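Both counts, for ligands and for their atoms, begin at 1 and track the order of listing. Owing to the predicted nature of the structure, the values given are computational and were not obtained by experimental measurement.
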Amino acid sequence: MSETVRGRIYDIQGFSVQDGPGIRTTVFLKGCPLRCPWCHSPESQLFTPQLSWISMRCIGTKMCDSRCVTSCPKQAIELGGTRLDSASGEELQMVHVKRDVCDDCGECAAACHPHALYICGEEYTVDEVMKKILADRSFFEHSGGGATVSGGEALCQPEFTLELLKRLKAEGIHTALDTTGYASWEVVERVIPYTDLFLYDLKHMDSKKHRETVGVPNEPILENALRLAECGAKFQIRIPVIPMFNDSVENIEATADFCLKLGEAVEVVQLLPYHNLGVSKHLRISDEKVAEAMPPSDEKMQSFKEIFTRKGIKATIH
Ligand code: SF4
Ligand code: SF4
């Protein structure tokens, strides 16, 4: 089974300290049913592979004879824009990908030696991923860490995620699943025996606002959380604090009250203040500009943390 089931993955990151306890290796699966405008990994949203371009890696058309321009069978790359090279002070001629023409074939990425162009989203077998994770085993053992399966939404690739979690448990490795919780219960239920910790996002308690902003209602997410708690699952609840979306006292109070319903299943609530990292990452895959906001103040984050601690829930600001 593990030799045949394949997952579409956009990154495998070692030495991660943000995705559960200790030092971890995190496997990021591509594709998500939600469309959070603040997403810090916009390349994770689509299920299909995508051409990405990192301007700072591009050495300019003069240095590489415009290989990407000439290699594209669709004429989807044109000259466009310049940047100053920080080392030489020279102005470098950049390129521009015509997104409406490009079909993500990857010919240009193969021709781009500095990997300014690359295809985001590759297929791996479980065996291939396990090999990479097992190479980090000694770090897990010394730090109380393990492996985290993340996304996108890993539960959208249920067979791969289940098989990977099973293999990790069979190796005695601590497992965490970073999830939006937006999946059918039939899928969620299957991973419970192989998941030591759920890193579980709660974005808004008002389903209408949830749907308007991220594209799906919150009922399945809340329902799955309650059922998981009944089954004895353990949670780190994650709340991205997003200006003008969920940063009202009423919503944070309602979120804390929901966490109380999960009882001792909740190990900690992590409050994640909005940051604008996703804005520049978005430009790697699209010409469309995304809206930016100011991060919430420290005072506001502290006051939200106190809402949880007053109700007896351990909370941290991440
Ligand atoms: S994207 Fe790559 S191939 Fe194209 S100009 Fe930049 S460095 Fe050269
Ligand atoms: S991915 Fe293919 S179609 Fe798109 S720019 Fe590169 S070579 Fe052209």
Novice: At under 4.0 Å between heavy atoms, which part of Asp103 makes contact with ligand 2: side chain, backbone, both or neither?
Specialist: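 Both backbone and side chain.
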Novice: Between Lys30, Arg99, Glu43, which is the residue that forms a side-chain hydrogen bond (donor to acceptor under 3.5 Å, both in side chains) with Gln50?
Specialist: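 That would be Lys30.
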Novice: Name the residue from Asp178, Asp19, Val149 that meets the side-chain contact (heavy atoms from CB on, under 4.5 Å) definition with Phe28.
Specialist: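 Exactly one candidate clears the test, Asp19.
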Novice: Charged N to carboxylate O below 4.0 Å: is that the case for Asp196 and Lys234?
Specialist: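 Salt bridge between Asp196 and Lys234, a charged N being under 4.0 Å from a carboxylate O: no.
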Novice: Counting heavy atoms only, which part of Pro114 comes closer than 4.0 Å to ligand 1: side chain, backbone, both or neither?
Specialist: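 Within the 4.0 Å criterion, Pro114 contacts ligand 1 through side-chain atoms alone.
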Novice: Could you tell me the residue and atom name of the protein heavy atom closest to atom 5 (S) of ligand 2, and the distance to it rounded to 0.1 Å?
Specialist: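 Here the closest protein heavy atom is Ile77 CG1, 3.5 Å.
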Novice: What protein heavy atom lies closest to atom 6 (Fe) of ligand 1? Include the residue and the distance to one decimal.
Specialist: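 The answer is Cys58 SG, 2.4 Å.
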Novice: Taking heavy atoms and a distance under 4.0 Å, where does Asp104 meet ligand 2: side chain, backbone, both or neither?
Specialist: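 For Asp104, only backbone atoms sit under 4.0 Å from ligand 2.
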Novice: Nearest to atom 2 (Fe) of ligand 1, what protein heavy atom do you find, and at what distance?
Specialist: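 Ranking protein heavy atoms by distance from atom 2 (Fe) of ligand 1, first comes Cys112 SG, 2.4 Å.
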Novice: Which ligand 2 atoms are under 4.0 Å away from a heavy-atom of Cys108?
Specialist: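 Listed by number with element, the hits are 1 (S), 5 (S), 6 (Fe), 7 (S).
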Novice: Would you mind running through ligand 2 and noting each atom that sits below 4.0 Å from a heavy atom of Glu107?
Specialist: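 Listed by number with element, the hits are 7 (S).
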Novice: Could you tell me whether His115 atom NE2 has more than 12 heavy atoms of other residues or ligands within 6.0 Å of it?
Specialist: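 Atom NE2 in His115 is not crowded, with 12 or fewer foreign heavy atoms closer than 6.0 Å.
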Novice: Starting from atom 4 (Fe) of ligand 1, what is the nearest protein heavy atom, named by residue and atom, and what distance separates them?
Specialist: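 Of every protein heavy atom, Cys68 SG, 2.3 Å lies nearest to atom 4 (Fe) of ligand 1.
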Novice: If every non-hydrogen atom of Cys72 is compared with every non-hydrogen atom of Ala76, which pair is closest and at what distance?
Specialist: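 Distance-wise, the nearest heavy atoms are SG-N, 3.2 Å.
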Novice: Number the atoms of ligand 1 from 1 as they appear, then name those within less than 4.0 Å of a heavy atom of Ile59, with their elements.
Specialist: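 Near Ile59, meaning under 4.0 Å from one of its heavy atoms, ligand 1 has 7 (S).
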Novice: Can Glu128 and Lys132 be counted as an ion pair, charged N to O under 4.0 angstrom?
Specialist: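 Result for this pair is no, no salt bridge flagged.
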Novice: Atoms of ligand 2 less than 4.0 Å from Ala76 heavy atoms?
Specialist: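 By the 4.0 Å cutoff, the relevant atoms are 5 (S), 8 (Fe).
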Novice: Gly106 near ligand 2, heavy-atom distance under 4.0 Å?
Specialist: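 Contact check Gly106 vs ligand 2: positive.
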Novice: If the threshold is 4.0 Å, N to carboxylate O, is there a salt bridge linking Glu253 and Lys311?
Specialist: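 Yes, charged N to carboxylate O under 4.0 Å.
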Novice: In terms of side-chain geometry, is the basic nitrogen of Arg190 or Glu159 positioned less than 4.0 Å from the acidic oxygen of its partner?
Specialist: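 Looking at Arg190 and Glu159, the cut-off is met.
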Novice: Which of the atoms in ligand 1, numbered in the order shown and given with their element, are less than 4.0 Å from a heavy-atom of Leu117?
Specialist: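 Checking each atom against Leu117, I get 1 (S).
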Novice: Looking at atom 8 (Fe) of ligand 1, what's its closest protein heavy atom, distance included?
Specialist: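 Heavy-atom neighbour on the protein nearest atom 8 (Fe) of ligand 1: Cys64 SG, 2.2 Å.
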Novice: Same cluster or not: Ile59 versus Ile77, using hydrophobic residues (I, L, V, M, F, W, Y) connected whenever any side-chain heavy atoms lie under 4.5 Å apart?
Specialist: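 Not linked; separate clusters.
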Novice: Would you say atom 8 (Fe) of ligand 2 has Cys105 as a near neighbour, meaning an N/O/S atom of that residue under 2.8 Å away?
Specialist: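 It does not; every qualifying atom lies at 2.8 Å or beyond.
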Novice: Looking at Asp201 and Lys203, is there a salt bridge between them, counting it only when a charged N and a carboxylate O are closer than 4.0 Å?
Specialist: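 Judged by the 4.0 Å cut-off on N to carboxylate O distance, Lys203 and Asp201 do form a salt bridge.
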